[in-house]
Amino acid sequence: MMLRFKFQTKLTIVYLALFLVVMSVIALAFYRSVTQNVRDQIQGQLGASARTFERIIDDRVEKLAANALLLARDYGFRDAINNPDDQATVMSALRNHRARLGADLAYIVDLDDEVIATTGSGEGEPLTAAIPDEMKVTAESDGVAKRMVEIGGRVYELVVVPVLAPIPTAWIAFGMELDEATAREIKALSPIALEIAFIYREADGQYALAGATSERQAMTEFLTGSLPEAPVFGADFNGQDHLFWRLPLHASDDAAQISALLYYSVDVALEPFDPLVVAMVGILIGGLLLLISGSVVVSRGVTRPLRRLAEAAQRIIAGEYQEVDAPTKGDEVADLTMSFNQMVGAVQERENKIRYQAFHDSETDFPNRLMFEEMLEEQIAKSSSFVVMVIEIQQVPELRSVLNHRNINDLMVCIGERLNQLSDTSVARIATESFAFILEDASEADTVASLVMNSFMTPFDVASIIIDARAKLGLVKYPGDGDDSAVLLRHAYAALDKGRTVQKGFAWYDPDSDKSQTQRLSMMSELRVGLKNGEVRFAYQPKLDVATGKVTSVEALVRWISPTRGFVPPDEFIPHAERTGDVRHLTEWGLEAAVKQAAEWRGKGLELAVAVNLSTNDLMNQGLPGQILQLLKQHKLPASFLKLEVTESAVMHDMDRALDVLNMLAAMGLTLSIDDYGTGYSSLSYIKKLPVSEIKIDKSFVMTLAENEEDNILVRSTIELGHNLGLKVTAEGVEDEESVNRLKEYGCDTLQGYHISRPVPAAELETFLKEGGYVTT
Ligand code: C2E
Ligand code: CA
Ligand code: CA
């Protein structure tokens with residue numbers, strides 16, 4: 001709306017302004033030329049009429065003069081004048097002439113300026129006027145004198161001739177009034193309806209009106225103002241613009257005193273042009289309307305599509321992608337619309353891509369955790385019960401040691417596809433090592449879980465590498481185990497924790513064990529206290545050297561006897577300590593205890609190397625070698641008396657960092673062992689890269705040596721391979737004589753197990769070693 005208003009108004013205003021400027025220029029030019037033209041015409045007409053007027057006056061004066069002369073030369077008349085008794089003759093002659101001329105004045109003055117005869121027209125005293133001396137002089141020299149005179153507010157043409165005998169004896173005066181009839185006569189001769197006024201100047205210099213063709217009152221008033229002296233002038237008269245032509249009558253000394261004013265209204269003259277003005281105003285209004293509607297149409301043509309684009313842009317902000325139809329073709333608006341549509345497409349595509357990326361695992365294209373959470377919420381909204389299964393792939397770090405990143409991704413894709421065949425909903429990869437899916441039928445959950453476990457029995461073929469992958473499962477049911485996706489997933493992971501430890505490899509969420517989770521946390525704080533209080537001690541298990549029958553080293557195994565919990569087996573608290581990071585305190589404590597103990601034994605002449613177990617976190621601790629060096633110095637113990645046992649998975653977790661630490665430790669002269677060999681993704685070829693000198697075959701293979709032929713083969717080949725790599729081999733979990741014999745036969749270097757000795761306190765160990773003759777003292 002805003003847009004339309006602004007643009008349209010702007011356009012209209014600009015058009016309007018231009019139009020008005022052009023129209024005003026035209027109108028002004030038109031008006032000027034018309035008025036000028038009209039004025040010129042009027043002036044011309046006035047001039048022509050003035051000349052006519054002069055001629056008529058001249059004619060009349062000539063006629064008066066001719067009659068006056070005729071009379072003056074008449075003998076009879078001349079005699080009669082000089083004869084006072086013949087007054088009647090004079091009067092009759094005067095009357096005759098006057099009648100013939102239609103004169104208004106006719107009188108005779110004697111040399112003493114006495115009127116001796118006069119005739120009047122109509123009632124009242126006949127008019128006479130004193131004859132000025134200069135007229136008499138002129139009349140005597142020229143035979144006749146003519147002049148305009150004013151008598152009683154009227155203007156007359158006066159003609160004077162002398163009566164000669166032969167010198168002047170009297171003066172004959174004839175006069176004719178310049179009356180309105182005369183004026184009308186002239187007016188009738190003019191092609192325009194001009195007006196005429198006769199004016200004279202009074203003694204006080206003010207002009208007065210003697211007669212006018214119309215508007216006497218207005219003219220009288222007009223004359224009270226100062227009258228311009230110019231022969232032609234324009235002035236406002238009677239409310240209208242008039243053009244005046246001033247005609248001085250009978251140029252003589254005071255001729256200017258009496259004049260005729262010929263005038264004509266310019267406004268009236270302009271009247272014929274009124275229709276033209278109306279037409280022009282009409283054109284102006286019509287033009288304005290056309291212009292406004294035109295600019296509205298034009299700007300609409302622009303603003304409507306712009307408005308639609310703006311609306312479409314608003315919709316895009318709201319997440320609604322819609323293309324806009326181009327209202328026109330081939331113009332800028334169409335181009336803009338096209339670009340806009342292209343942009344809409346591009347934005348939509350990008351958004352789809354971003355959305356896709358946000359909701360999919362970039363490595364495998366499976367739905368990711370975010371998407372799975374949404375799927376869960378949708379499932380919660382639509383169904384009353386279902387089961388969520390979380391599948392964790394085991395030993396991924398170990399797999400990474402033999403497979404490259406691509407292979408791992410391919411493996412994950414294979415696993416995901418296999419899982420997809422067993423699930424109702426699509427499988428999501430919710431973490432690097434775990435998948436999840438929803439089972440709509442809760443009653444089938446156990447079966448499906450078994451099927452999933454089974455599906456991992458078949459190895460995966462990735463880039464022609466046959467891979468054995470293992471999985472552990474955790475299951476939760478809705479609504480029993482949680483109301484929302486977050487709780488369900490957290491509990492599914494808790495179930496998975498349990499699933500890792502049980503034989504069948506999967507477990508349902510157990511609220512009780514979740515309770516023990518919080519208990520475990522409090523256990524960790526108790527452990528920290530216990531480490532300081534002496535609740536934690538080492539038990540030492542001897543390692544028997546097969547070749548010599550002596551014991552040169554022992555493994556230190558932690559024993560925690562809590563005042564509240566009693567004996568807590570290491571497998572129950574160490575995995576938690578590793579998760580919470582508390583294992584660091586245990587390691588610090590253990591290293592010091594072991595070094596101290598070894599130094600003490602050495603002081604007694606008992607040369608026993610002590611092996612301490614390290615966990616994953618310890619291998620990530622770059623400060624560890626420094627700490628150990630410090631301890632060895634402090635207790636003056638040679639490095640060869642301290643051994644360290646690490647598991648493969650601990651090394652694999654972050655091979656580079658672990659190698660840094662291990663290389664430093666080996667360089668310090670410590671002996672390093674690979675613990676629990678055979679349980680992880682064991683590969684001797686990679687162990688070759690590690691600075692270790694011993695592998696310990698896991699007790700799970702050794703304990704069953706007497707019964708299980710397969711284990712015999714495995715143990716035997718492991719021993720051989722280890723030797724080939726220049727490593728010592730220890731077998732742990734030696735529980736019977738039979739195993740001892742076989743291990744000896746296979747060439748095993750060291751034996752460790754209940755059959756030789758259980759892990760025992762230091763003092764007990766000393767007795768055992770001395771009494772058993774395992775040490776030479
Ligand atoms: P491990 O390092 O494999 O230690 C050997 C385990 O096997 C010990 O269990 C030992 O008592 C047991 N064992 C020895 N001979 C036999 C046998 O003949 N038969 C049977 N069935 N078992 C035998 P333990 O002491 O319960 O320790 C369990 C695990 O706890 C250890 O496994 C080790 O990984 C961890 N651990 C123990 N002490 C520490 C420690 O101080 N620090 C760390 N980080 N881990 C420790
Ligand atoms: Ca060990
Ligand atoms: Ca072990």
Side-chain angles (χ1 to χ4, degrees), residues 501 524 527 530-531 535-544 551 553-561 567-597 609-621 624 628 642-651 653 671-680 682 692 694-706 711 715 718 729-740 743 748 750-762 764-765 768:
T501 61
M524 284 303 109
L527 174 65
L531 284 169
E535 288 168 30
V536 179
R537 303 243 167 138
F538 266 144
Y540 298 93
Q541 189 174 34
K543 291 168 83 181
L544 182 68
V551 171
S553 61
V554 294
E555 179 176 2
L557 293 158
V558 74
R559 295 292 174 257
W560 178 24
I561 296 154
F567 175 68
V568 188
D571 283 335
E572 268 178 37
F573 69 86
I574 289 175
H576 299 301
E578 281 179 339
R579 225 170 282 167
T580 58
D582 283 303
V583 78
R584 193 164 44 89
H585 305 295
L586 179 67
T587 304
E588 265 168 34
W589 169 88
L591 285 169
E592 180 162 25
V595 169
K596 220 167 154 181
Q597 184 62 62
V610 178
V612 174
N613 291 283
L614 293 183
S615 55
T616 315
N617 307 32
D618 299 322
L619 292 185
M620 300 297 107
N621 179 7
L624 187 74
I628 291 175
L642 185 62
K643 293 187 167 194
L644 298 172
E645 296 187 5
V646 292
T647 60
E648 287 168 282
S649 58
V651 176
H653 184 80
T671 311
L672 304 177
S673 312
I674 295 292
D675 205 357
D676 299 348
Y677 186 81
T679 55
S682 313
V692 295
E694 181 192 43
I695 52 172
K696 293 179 78 177
I697 304 174
D698 191 69
K699 58 179 178 285
S700 59
F701 305 102
V702 177
M703 286 188 317
T704 49
L705 217 52
D711 285 345
V715 168
T718 305
V729 181
T730 298
E732 66 175 15
V734 181
E735 289 189 342
D736 47 45
E737 190 64 35
E738 177 64 25
S739 305
V740 175
L743 289 163
C748 189
T750 318
L751 306 180
Q752 182 184 350
Y754 292 171
H755 184 68
I756 296 129
S757 168
R758 290 187 169 262
V760 289
E764 215 175 296
L765 180 84
F768 168 78

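Order of appearance sets the numbers: ligands from 1, and atoms from 1 within every ligand. As a basis for the values below, the full set of heavy atoms in this structure was taken, side chains included, without hydrogen atoms, waters or symmetry mates. Along the sequence shown, residues are numbered consecutively beginning with 1.
Those atoms of ligand 1 with a heavy atom of Asp571 less than 4.0 angstrom away are 28 (C), 29 (C), 30 (O). Near Lys699, meaning under 4.0 Å from any of its heavy atoms, are these atoms of ligand 1: 6 (C), 7 (O), 22 (N), 23 (C). Per-residue contacts place Val734 under 4.0 angstrom from the following atoms of ligand 1 (heavy atoms of the residue considered): 18 (O). Distances below 4.0 Å separate heavy atoms of Phe538 from the following atoms of ligand 1: 41 (O). Against a heavy-atom cut-off of under 4.0 Å, Met703 is close to the following atoms of ligand 1: 19 (N), 20 (C), 21 (N).
Distances from ligand 1 to the non-hydrogen atoms of Pro759 include at least one value under 4.0 Å. Residue contacts with ligand 1: Lys696 is excluded, as none of its non-hydrogen atoms falls under 4.0 Å.
Looking at Tyr754, Trp589, Trp560, it is Tyr754 that brings a heavy atom closest to atom 22 (N) of ligand 1. The option from Leu591, Ile574, Val536, Val558 that lies nearest to atom 46 (C) of ligand 1, judged by heavy atoms, is Ile574.
Here Glu732 reaches the Ca ion (ligand 3): one of its N/O/S atoms is less than 3.0 Å from the metal. Within the 3.0 Å limit, Asp675 places at least one N, O or S atom next to the Ca ion (ligand 3).
On a distance-only criterion, Gln752 and ligand 1 share no N/O pair closer than 3.5 Å.
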Take Asn617 and Ser615, measure what side-chain hydrogen bond (donor to acceptor under 3.5 Å, both in side chains) needs, and give me the verdict at the end.
CA-CA 6 Å; Asn617 307 32; Ser615 55; 4.7 Å; no

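Side-chain atoms of Glu535 do not come within 3.5 Å of backbone N or O of Leu527 as any donor-acceptor pair.
Counting just the N/O/S atoms of Glu555, the one with the shortest distance to the Ca ion (ligand 2) is named OE2.
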